[in-house]
There are 2 protein chains.
Amino acid sequence: MATLCLPYQLSPEQTEKLDTIIQRHRPLQKRDVLIENGEPLKFLYAVRSGSLKSYSLDSHGSEQIIDFHLPGDLIGFDGLIDGQHRSFTQALETTMLCEIPMQSLDQLSAELPGLRKQLLRVMSGELHASKTLLGTLNHHTAQQRLANFIMTLSNRFQQRGLSSRSFRLSMTRADIGNYLGLSVETISRILTQLQQEGVLAVQNKLVEITDPERLRALAS
Amino acid sequence: MATLCLPYQLSPEQTEKLDTIIQRHRPLQKRDVLIENGEPLKFLYAVRSGSLKSYSLDSHGSEQIIDFHLPGDLIGFDGLIDGQHRSFTQALETTMLCEIPMQSLDQLSAELPGLRKQLLRVMSGELHASKTLLGTLNHHTAQQRLANFIMTLSNRFQQRGLSSRSFRLSMTRADIGNYLGLSVETISRILTQLQQEGVLAVQNKLVEITDPERLRALAS
DNA sequence: CGAAATATTGATCCAAATCAACGGCTGTGG
DNA sequence: CCACAGCCGTTGATTTGGATCAATATTTCG
């Protein structure tokens, strides 16, 4: 169970201890809300299958997508600062999760230096990803941003042992646009264009990367 | 010493223990480089006075500013993922630092749950700030971004017990533009414009917020 | 003091937003 | 299982915010 939910390098002993505190969560359906803004942080969640988006609402009540969560991701770190979740998290499709009670995790991490390091490492990784994305969005064209987005998804799927070559975009074009700071129309146009150039084969939500080399080149 | 370098709520006992591992670092002069990309992560640094910028170099070798560090900030978290710093960090002016050896910090955080929580809290806060900034940059105009930047600086100075009303921009206009994804010219124009509208009084690097209420309104 | 770096201001251009119209899924209820 | 409604996606025309180009002023620092 712990292996499924936290697929990281831990010793058998550590894995066993973790197993005692990790619970299977009921499956979410598309559009189900897992976390509401302001909710107390009682659990971290690990995605077993499916996907979710996290977003906050700006002063005018419109959605700002902060993150997409894929299998293997941990959800909830942003709330550690004050024990409150700082965003909404919603399923994009049928999604299976594990939940990890914060309190037990805290106790356990006192005993297991490996787990403690692992947690810091995951957070540090998220922090780095987030800051890198900032750079990407600030200094790149629409095409570069989208190419980069597809590459990043591909890499994340690969790390989880899924196909890095072809996958399903579980989020809408509007979601992608929102996340990248581009309009829906621009996302659509660039996908068409990348398909015409033979970089991608796009059919509705399914994407196949037909020329990974060129996609990488376009992404930077 | 620990109080100076890590101004957070720790018990006297905890502070005393921290004191034993924190070292004063030699002062940096303007343009001195504190951290090079790829360097092994041996220390975290706490800013006592002055300021720094962190940046990475993109594939074409041009600077992408990731962060500005003000007094009270901790530097180095992005390297926890693999024990290597993932960016360059350079002083913007004469700057005083403390250094905190990673190894001792790790040992100490095993003993002190408060310190462990504190570290997680700081990282979580950074993560949240970074994701919020992402939203800000993605969905706001140049004026909103800059207003937001000034507000954020003001708030950070206030938290550290410095003046939130008037302060010095230790970074160049080019640095601000780079950070916000805007050109130097745009930064300059908008500062002029905000001054004409009576929101700011700008004189070279000195900024005074003359109408905080209106600045806040412009920032969102 | 003088050179180089930094900042301002104006003119022009362009990438992506917005506006508009339509075609194609998808999911729901009869 | 089909029909229809509503969201989702695509494509085209027009507009625009901010980049870029260009020239000059100001500050900083050796």
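Atoms considered below: every heavy atom in the structure, side chains included; atoms not considered: hydrogens, waters and symmetry mates. First the proteins, then the strands, lettered A, B, ... as listed; each starts at 1.
Contact annotation: K205(B) does not reach the phosphate of dT27(D) (side-chain N/O to OP1 or OP2, under 4.0 Å).
What separates CG of L191(A) from P of dG9(D) is a distance of 10 Å, to the nearest Å. Here dA5(C) presents its C1' atom at 14 Å from CZ of R173(B), a figure rounded to the nearest Å. Put simply, CG on L169(A) is 13 Å from C1' on dG9(D), counting in whole angstrom units. Distance, I187(B) CD1 to dG17(D) P: 17 Å, rounded to whole Å. One atom, CG of N178(B), and another, P of dT6(C), lie 13 Å apart when rounded to the nearest Å. For the pair D175(B) CG and dT6(C) P, the computed distance is 8 Å after rounding to whole Å. Note: NE2 (H139(B)) to C1' (dA17(C)) measures 13 Å, nearest angstrom. Taking atom CG of residue N204(A) and atom C1' of nucleotide dC7(D), one finds them 14 Å apart after rounding to whole Å.
Ring orientation note: the planes of Y55(B) and F88(B) are close to parallel, at an angle under 30° on the 30°/60° scale.
Taking the side chain as every heavy atom from C-beta outward, K205(B) and T172(B) approach each other to under 4.5 Å. Side-chain atoms of N138(B) and L180(A), non-hydrogen and from C-beta on, never get closer than 4.5 Å to each other. Looking at M123(A) and L127(A), their side chains never come closer than 4.5 Å, going by heavy atoms from C-beta outward.
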In B/S/- notation (B base, S sugar-phosphate only, - none; protein heavy atoms under 4.0 Å), nucleotides 9-16 of chain C written 5' to 3' is BBB----S
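Between M171(B) and R31(A), it is M171(B) whose nearest contact on DNA chain C lies nearer the 5' terminus.
Judged as a side chain to side chain donor-acceptor pair (under 3.5 Å), and not counting sequence neighbours, R165(A) has no contacts.
Residues G76(A) and L41(A) share a closest heavy-atom pair of O-CD1, 3.8 Å.
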